[in-house]
Amino acid sequence: MSYSVGQVSGFAGITVRTLHHYDKAGLLSPSDRSPAGYRLYSDADLSRLQQILFYRELGFPLDEIATILEDPQANALDHLRARHRLLNDQISKLQRLVEVAEQAMEVQQTGVELSPEERFEVFGEVTFDLTYATQAHLKWQHRESYQRSMARAAEHSKGDWAKIMAEAADWRLRLTAAFDAGEPADGERAMDLAEEHRQHIARWFTPCPTDVHGRIADGFVTDPRAFALAVPPTEQRPGLAPYLRTAVHANAVRRSPADDA
């Protein structure tokens with residue numbers, strides 16, 4: 001059977017102009033003409049059009065589609081593999097754009113009232129994972145301690161945050177030094193560092209009794225996003241999160257409840 005340009009346009013869901021373009025490009029020329037000179041497409045033409053549309057859907061340019069169709073047995077699989085890699089790369093980039101959009105929507109839930117430039121200047125590599133921050137907000141938003149912590153964070157000035165980050169950076173250096181030196185996680189040096197971390201939280205954010213500190217440290221092991229807020233990925237070592245958790249719990253054991261203030 002033969003089909004007119006209008007019929008094929010309706011079958012394929014593309015415009016007549018697109019079919020004319022494919023014809024002009026030599027990608028899909030109709031097999032016949034009517035007595036009046038109109039293009040007529042055969043079943044074989046429709047089959048070729050299906051292939052063209054399949055490759056177009058995958059993002060192939062027309063010249064590459066023409067190459068594939070000229071020698072499908074030799075080239076199609078290699079071209080599809082290359083396209084598969086490219087699509088995966090594009091998916092990764094698009095996913096990152098989705099995350100950026102989510103971060104823009106979620107930024108108000110971090111409690112940190114700084115401009116983007118100030119955030120970069122103050123925090124550097126230690127950045128809030130805003131997806132994690134939003135999940136924390138949804139989970140704990142009704143807890144008084146969480147509300148107090150967010151309120152305190154929102155009150156901090158740029159200068160306050162600079163002090164917070166300087167304290168944290170110094171603490172991280174000494175933590176990693178103890179870990180690298182093989183200091184036991186339940187030893188005095190590690191426990192003292194754990195206590196410093198607890199006091200840091202209490203001083204800048206919210207009261208942090210040892211049981212609460214223990215739950216925070218447990219999160220360092222179960223959720224890499226939580227640990228990244230304390231130690232950025234480039235400063236982490238395998239086993240550092242469990243090391244800190246052990247130190248925190250050991251510090252809790254050596255302290256009395258009256259020391260939790």
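Sequential numbering from 1 along the given sequence is applied to the chain's residues. Not measured: the values here are computed from a predicted model.
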With sequence neighbours excluded, residues passing salt bridge (charged side-chain N to carboxylate O under 4.0 Å, His left out) with Arg245: none
Sequence-distant partners of Asp192, salt bridge (charged side-chain N to carboxylate O under 4.0 Å, His left out), two or more places apart: Arg254
Nearest-0.5 Å distance that lies between atom CG in Asn251 and atom OG1 in Thr246: 12.5 Å
Residue pairs, two or more places apart or on separate chains, that pass side-chain hydrogen bond (donor to acceptor under 3.5 Å, both in side chains) and touch residues 57-66: Glu64-His79
Validation row: Arg198, Val212 side chains within 4.5 angstrom (heavy atoms): no
Heavy-atom closest pair, residues Arg56 and Pro61: NH1-CA, 4.0 Å
Set of ring pair (Phe, Tyr, Trp, His ring centres under 6.0 Å) partners for Phe220, sequence neighbours left out: His197, Phe227
Salt bridge (charged side-chain N to carboxylate O under 4.0 Å, His left out) partners of residues 173-182, not counting sequence neighbours, each pair once: Asp170-Arg174, Arg174-Glu196, Asp180-Arg237
Test side-chain hydrogen bond (donor to acceptor under 3.5 Å, both in side chains) applied to Ser34 - qualifying residues, sequence neighbours left out: none
Pairing residues for Ser31 by the side-chain hydrogen bond (donor to acceptor under 3.5 Å, both in side chains) criterion, not counting sequence neighbours: Ser42, Asp45
Hydrophobic cluster identity match, Phe54 and Phe60, side-chain contacts under 4.5 Å: yes
Counterpart residues, ring pair (Phe, Tyr, Trp, His ring centres under 6.0 Å), relative to Tyr243 (two or more places apart): Phe179
Within residues 19-42 or reaching into it, pairs that qualify as salt bridge (charged side-chain N to carboxylate O under 4.0 Å, His left out) - sequence neighbours excluded: Asp23-Arg39
Which residues share a ring pair (Phe, Tyr, Trp, His ring centres under 6.0 Å) with Phe11, sequence neighbours left out: Tyr3
Spacing of OG1 belonging to Thr15 relative to NE2 belonging to His21, to within rounding of 0.5 Å: 10.0 Å
Within residues 1-10 or reaching into it, pairs that qualify as salt bridge (charged side-chain N to carboxylate O under 4.0 Å, His left out) - sequence neighbours excluded: none
Salt bridge (charged side-chain N to carboxylate O under 4.0 Å, His left out): pairs with one or both residues in residues 7-20, sequence neighbours excluded: none
